[in-house]
Structures are given as C-alpha cells and as structure tokens.
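One structure is given below, encoded as structure tokens.
We number each residue from 1, following the sequence as shown. FYI, side chains are in, hydrogens and waters are out, and symmetry mates aren't considered; it's all heavy atoms of this structure. First listed ligand is number 1; within each ligand, the first listed atom is number 1.
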Amino acid sequence: MIKGFVFDLDGVLTDTAEYHYLAWQELGGKMGIAFDRVFNEQLKGISRMDSLERILKYGNKSRAYTEDEKIALANEKNEDYKKLITNISPADLLPGISELLKELKAADIQLALASASKNGPIILKRLGIENLFDTIVDPACLTHGKPDPEIFIKGAEQLGLRPDECVGVEDAEAGIEAINAAGMFSVGVGSKESMKAADLFVTDTSELNVRDILTAAANWSHKEQKGSF
Ligand code: BG6
Ligand code: MG
C-alpha cells in the first residue's frame with residue numbers, strides 16, 4: 001500500500017528546470033560551449049558539479065580548467081541561477097501541483113523532497129509549500145547522485161517507509177532510473193520518449209491524478225509480488 005510520495009523539485013513542482021538551463025547556457029556562452037535543449041535533458045537531475053563536468057566534456061574542454069576554476073565557474077552559474085529564482089512565489093507552482101499535494105496530505109500520504117538541488121529548501125519556502133513536506137533529503141549528505149537510487153531510498157527512509165510503499169515523481173531520465181532502481185513506483189512528467197522507463201507518465205503536471213497513480217501503483221505492486229514467487 002502506498003503511504004508516501006517522494007518528489008523531485010525542478011521541473012516537477014515548479015519550472016526551475018528552465019532557469020537551470022538558462023543559467024548553464026549563460027555560463028556555456030562565457031566558456032565558448034554552445035548546447036541546446038536536447039543536450040540539456042542529460043543535465044536534468046544531475047548535481048551542479050557533475051553538470052559542469054558534462055558540459056565541459058561536451059565542449060571538449062574537460063582539461064581546460066583547474067579544480068578551483070571549476071568551483072568558481074559552478075559558483076558563477078549558481079549566482080546567476082539565484083537571481084532567476086529571486087521572485088519565485090506560489091504562483092510559480094506548476095499546474096495542478098497545489099491541488100495534488102493537498103489531496104495527498106488529505107489522504108494521509110506523507111511527502112518527501114528528493115532533489116539534487118542545494119537551493120531546494122529556499123524554493124519550497126518561496127513556493128509556500130514547505131509545510132506540506134514531512135521531510136527533505138539533504139543532497140549534501142549523499143554519496144552518489146541520480147541515477148543512483150540513494151536519494152530516493154533516503155527519502156523513503158526519512159519518512160519511515162519502505163521504497164515499495166512510496167511513489168517517486170520525476171521529470172529527468174536520470175531521476176526515473178533512480179526511482180526504478182530504488183524499487184519504487186515511478187511517475188514521469190515529460191515526453192513519451194524521455195519518460196519511456198517510467199511506470200506511469202504524463203506530459204503535463206495538470207494530468208497528475210492521485211486516484212490514477214494509486215491504482216496503477218497498486219497493480220504494479222501486485223505484479224511485483226507475483227514476480228518474486
Ligand atoms: C537538480 C536539477 O534538481 O538540481 C539540476 O535538475 C541541477 O539541473 C541540480 O543541476 C543541482 O541544483 P543546484 O541548485 O544545487 O545547483
Ligand atoms: Mg527535475
């Protein structure tokens with residue numbers, strides 16, 4: 001039985017995935033590395049430093065900077081990003097998210113945040129939804145980033161639940177991979193192509209429906225149990 005939902009933040013609760021893209025593009029411009037939205041899919045869900053490494057590799061510049069310079073570049077991106085998120089307000093919740101979270105709480109389902117972003121807590125606060133979340137996984141405590149399942153396993157653990165008692169919601173391919181590897185029912189938000197590994201997917205957050213998700217997750221866990229015999 002599903003007792004918890006473990007949410008990604010950027011691109012699921014609010015459209016900050018777009019701001020990450022814009023801030024990386026700005027930095028890419030300064031480093032002489034151009035990339036588009038197709039490449040950007042590979043950055044979703046990936047930590048700040050790992051994203052920088054991927055961009056440098058893409059631009060054949062992996063060895064162009066010292067470790068200290070890379071830290072400075074990542075800080076520069078984060079400063080740009082922080083400017084873009086200054087004015088975030090409850091109006092920036094993606095369509096249907098406010099209703100979804102309230103419906104889940106009303107159904108006594110616990111909520112965890114499993115975002116790779118160190119800006120997660122401040123964004124939840126600005127969105128006015130921090131009180132709806134029972135726990136937030138601190139990405140600084142993790143050994144491995146997504147697609148490793150660690151962050152989702154921790155999310156379930158912090159709720160006092162088993163992964164198979166939780167649903168994970170993601171917009172990143174690496175995130176869906178992480179949820180699946182954690183042994184959780186995965187819900188993807190995005191295109192059919194990028195969300196092909198999700199147990200259930202919607203193209204828009206407005207289509208996320210508690211009853212549909214719980215029904216699909218119940219069928220999934222039934223299948224899982226049968227499969228283990
Ligand atoms: C993830 C985003 O949620 O957080 C990534 O999908 C981002 O794009 C990562 O790089 C880290 O975020 P931050 O805010 O700590 O730089
Ligand atoms: Mg995301």
### Query
In the single-linkage hydrophobic clustering (I, L, V, M, F, W, Y; side-chain heavy atoms under 4.5 Å), do Ile153 and Val137 co-cluster?
no

### Task
Show your reasoning for whether side chain to side chain contact (heavy atoms under 4.5 Å, CB included) applies to Lys3 and Gln110.
CA-CA 6 Å; Lys3 297 177 181 166; Gln110 298 192 73; 5.7 Å; no

#### Entry: Separation of Leu124 CG from Leu113 CG (nearest 0.5 Å)
5.0 Å

### Query
Counting from 1, what ligand 1 atoms have a heavy atom of Lys118 closer than 4.0 Å?
13 (P), 14 (O), 15 (O)

### Task
Using a strict cut-off of 4.0 Å, indicate which atoms of ligand 1 neighbour a heavy atom of Ser51.
10 (O)

#### Entry: Heteroatom distance test (Trp24, ligand 1): nitrogen or oxygen, under 3.5 angstrom
no

### Query
Is there a path of hydrophobic side-chain contacts, each under 4.5 Å between heavy atoms of I, L, V, M, F, W or Y residues, that connects Val12 with Met184?
no

### Query
Going through the distances and angles, do Thr66 and Asp68 end up as a side chain to side chain donor-acceptor pair (under 3.5 Å)?
CA-CA 5 Å; Thr66 64; Asp68 284 351; 5.5 Å; no

### Query
What are the two closest heavy atoms between Met195 and Phe201, and how far apart are they?
CB-CB, 3.9 Å

### Heavy-atom nearest neighbour in the protein, as seen from atom 6 (O) of ligand 1, with distance rounded to 0.1 Å
Gly45 N, 2.8 Å

### Message
Applying a strict under-4.5 Å side-chain criterion to I, L, V, M, F, W and Y, I'd like to know whether Leu94 and Leu13 cluster together.
### Response
yes

### Task
Using a 4.0 Å heavy-atom threshold (strictly under), name the region of Ile46 that reaches ligand 1: side chain, backbone, both or neither.
backbone

### Message
Looking at every non-hydrogen atom in both residues, tell me the closest pair between Ala217 and Ile2 and how far apart they are.
### Response
CB-CG1, 3.8 Å

### Task
Applying side chain to side chain donor-acceptor pair (under 3.5 Å) between His20 and each of Asn40, Asp80, Asp10, report the one that passes.
Asp10

### Query
Would one find an N or O of Arg48, backbone or side chain, under 3.5 Å from an N or O of ligand 1?
yes

### Task
Run the numbers for me: atoms of ligand 1, each under 4.0 Å from some heavy atom of Leu43, listed by number.
5 (C), 8 (O)

### Query
Among pairs that include at least one residue of residues 168-187, which meet side chain to side chain donor-acceptor pair (under 3.5 Å), considering only residues two or more places apart or in two chains?
Lys146-Glu170, Asn180-Ser186, Ser186-Asp199

### Summary
A student checking ligand 1 against Lys44 at a 4.0 Å heavy-atom cut-off should list atoms 6 (O)

### Query
What atoms in ligand 1 come closer than 4.0 Å to a heavy atom of Asn119?
13 (P), 14 (O)

### Query
Looking at Ser115, which atoms of ligand 1 are within less than 4.0 Å of one of its heavy atoms?
3 (O)

### Side-chain donor-acceptor contact under 3.5 Å, Asn78 with Asn119
yes

### Query
Considering only the protein, which heavy-atom contact is closest to atom 3 (O) of ligand 1, and what is its distance?
Asp10 OD2, 2.6 Å

### Message
Restricting to distances shorter than 2.8 Å, give the number of protein N, O or S atoms close to the Mg ion (ligand 2).
### Response
3

